[in-house]
Amino acid sequence: MFGAFRPSHVNHSGLLWKIPWKLSPTRKANARARLKKVDAVIESVRASGVECRALGRALELPKEHEMPARDKYTVFSPGARGYRKGIHKVPKWTRLTLRTNPKGF
């Protein structure tokens with residue numbers, strides 16, 4: 001609480017949420033690697049012969065190499081300027097499937 005790494009509050013002129021405004025190249029690389037790992041898991045489950053509704057939905061998603069950079073690093077947000085916001089601004093974005101966006105966005 002009282003040390004070098006104490007939290008900063010808005011009323012002390014600090015940032016409340018310490019989220020950078022854009023993804024660093026390292027975090028982008030980690031996001032791409034995460035997408036590739038998910039693609040590999042989906043492919044191995046498909047190759048095993050298991051059939052289920054979740055697998056069918058997963059196979060409909062675009063693969064990492066088929067996605068444009070805009071969809072890899074941003075998501076649709078109706079409240080954001082330009083209707084897109086950085087994927088790292090989404091809570092728990094590393095655990096969610098954020099590969100699809102509304103048509104036209």
Are Val38 and Leu35 in one and the same hydrophobic cluster, where Ile, Leu, Val, Met, Phe, Trp and Tyr link if side-chain heavy atoms are under 4.5 Å apart?
no
Transitively linked via ILVMFWY side-chain contacts under 4.5 Å: Val41 with Leu61?
no
Within the structure provided, determine whether Asp39 and His65 are in side-chain contact (heavy-atom separation under 4.5 Å).
no
For Glu66, look at atom CD and say whether over 12 heavy atoms of other residues, nucleotides or ligands are found less than 6.0 Å away.
yes
Is it true that atom OH of Tyr83 has more than 12 heavy atoms of other residues, nucleotides or ligands lying nearer than 6.0 Å?
no
Where do Leu55 and Val50 come nearest, in terms of heavy atoms and distance?
CD2-O, 3.1 Å
Between Lys85 and Ala80, the two heavy atoms sitting closest are CB-CB, 4.3 Å
What verdict does the side-chain contact (heavy atoms from CB on, under 4.5 Å) test give for Asp71 and Arg84, after you've listed the backbone C-alpha separation in whole Å, the side-chain angles of each residue and the deciding distance to 0.1 Å?
CA-CA 10 Å; Asp71 287 343; Arg84 304 288 283 196; 2.9 Å; yes
Out of curiosity, Arg70 CZ to Asn101 CG, how far, rounded to the nearest 0.5 Å?
8.5 Å
Hey, could you give me the NE2/CZ distance between His88 and Arg27, rounded to the nearest 0.5 Å?
6.0 Å
Can you tell which of Arg32, Lys72, Lys37 makes a side-chain hydrogen bond (donor to acceptor under 3.5 Å, both in side chains) with Glu64?
Lys72
Which ILVMFWY residues can you reach from Val90 by hopping between side chains whose heavy atoms are under 4.5 Å apart?
Leu23, Tyr73, Val75, Ile87, Trp93, Leu96, Leu98
Salt-bridge test for Arg46 and Glu43: reply yes if a basic N is under 4.0 Å from a carboxylate O, no otherwise.
yes
